[in-house]
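First the structure, then my questions, so here it is.
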Amino acid sequence: MSAKSDRLLSTLKLAPVVPVLVIDDVATAVPLARALVAGGLKAIEITLRTPAALEAIRAVANEVEGAVAGAGTILNAAQFEAAVEAGSKFIVSPGTTQELIDVANDHDVPLLPGAATASEVMGLREEGYEVMKFFPAEQAGGAAYLKSLSSPLAGTLFCPTGGISLSNARDYLTLPNVVCVGGSWVAPKELVTKGDWAGITKLAAEAFTLKG
Ligand code: 3PG
């Protein structure tokens, strides 16, 4: 395994769940990340879907001890560069383009590229990728679908994301080709808006116990 894949895998193995965050108000980023880390979820994906995202990544990277800030929903090279500049330690994309593969090759920060079919996985393997995001997990066929890829595409590991919650996370985490799952359920909008950080820590701690 390449040093870059190895680094990505170590980050993804920090906890069974990677929170996927959509930050509307940058002021919530640090307390939210602290609440997640307090519950055991250290690798945190902040999606570039809001104007606050890059500033949120920078704040979490600089101010939250124990957090490993990553960027999600990266769609092109410019976003990749901006996310790295903001301090992202890993980059996540919902799918894969040649532009993303090329920019990722120019950086030490690892890319977790999205794939949803055997052909997409094979294409990424040809580019040297061993760890991928399976997206959108539930909608693309769920745990049964991903399990069926484990034998023909042995050696590839996945972080499934999309439609995953406490109730179905274990279906994925028990598969041999799953390293962790991603999901937004640990940071519901109502709790973030209320500033209920204790509530978020409780959800994170509950998610962390999925490990065993
Ligand atoms: C996403 O990119 O939105 C993630 O896959 C999170 O999906 P979820 O909101 O269904 O957990």
Side-chain angles (χ1 to χ4, degrees), residues 8 11-12 14-24 28-29 32-33 35-36 39-54 56-57 60 68-76 79-80 82-83 88-97 100 104 110-117 120-121 124 129 131-146 149 157-173 175 177-193 199-200 202-211:
L8 176 61
T11 299
L12 297 177
L14 288 170
V17 179
V18 175
V20 177
L21 308 182
V22 179
I23 306 274
D24 289 310
T28 62
L32 172 55
L36 292 165
L41 306 185
K42 295 179 174 173
I44 296 171
E45 176 187 331
I46 296 172
T47 59
L48 259 70
R49 296 184 206 172
T50 60
L54 287 171
I57 291 168
V60 172
V68 181
T73 322
I74 296 297
L75 305 179
N76 56 48
Q79 290 180 331
F80 191 114
S88 304
K89 292 288 183 286
F90 64 101
I91 303 286
V92 186
S93 60
T96 307
T97 63
L100 277 176
L111 170 66
L112 178 68
T117 66
E120 289 167 9
V121 173
L124 281 167
Y129 284 86
V131 192
M132 302 168 200
K133 162 169 161 146
F134 173 51
F135 177 81
E138 278 295 291
Q139 298 80 354
Y145 178 104
L146 191 54
L149 297 183
L157 293 170
F158 295 92
C159 171
T161 306
I164 302 182
S165 64
L166 195 65
S167 61
N168 59 1
R170 231 182 259 282
D171 298 344
Y172 292 93
L173 290 166
L175 299 180
N177 55 347
V178 168
V179 57
C180 64
V181 300
S184 60
W185 89 90
V186 289
K189 220 179 178 114
E190 317 83 73
L191 296 192
V192 175
T193 306
I200 302 262
K202 194 161 170 261
L203 289 176
E206 201 173 40
F208 186 77
T209 63
L210 286 165
K211 201 162 199 165

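Side chains included, hydrogens not; waters and symmetry mates left out as well; all remaining heavy atoms used. As the structure lists them, so they are numbered: ligands from 1, and atoms in each ligand from 1.
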Could you check I91 against L100 for side-chain contact (heavy atoms from CB on, under 4.5 Å), going step by step and ending with a plain yes or no?
CA-CA 10 Å; I91 303 286; L100 277 176; 5.9 Å; no
Can you pull the residues with any heavy atom under 4.0 Å from ligand 1?
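These residues qualify: V20, R49, K133, F135, T161, G162, G163, G183, S184.
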With sequence neighbours excluded, tell me which residues meet side-chain contact (heavy atoms from CB on, under 4.5 Å) with T193.
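T193: side-chain contact (heavy atoms from CB on, under 4.5 Å) contacts with K189.
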Distance check, rounded to the nearest 0.5 Å: L14 atom CG versus F208 atom CZ?
9.0 Å
Using the ring of each side chain (for Trp, its six-membered ring), is F134 parallel, tilted or perpendicular to Y145, with breaks at 30° and 60°?
parallel
With P160, the side chain to side chain contact (heavy atoms under 4.5 Å, CB included) member among V181, V179, N177
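Running side chain to side chain contact (heavy atoms under 4.5 Å, CB included) over V181, V179, N177 with P160 returns exactly one hit, V181.
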Does V18 form a side-chain contact (heavy atoms from CB on, under 4.5 Å) with T11? I'd like the steps, not just the answer.
CA-CA 10 Å; V18 175; T11 299; over 6 Å; no
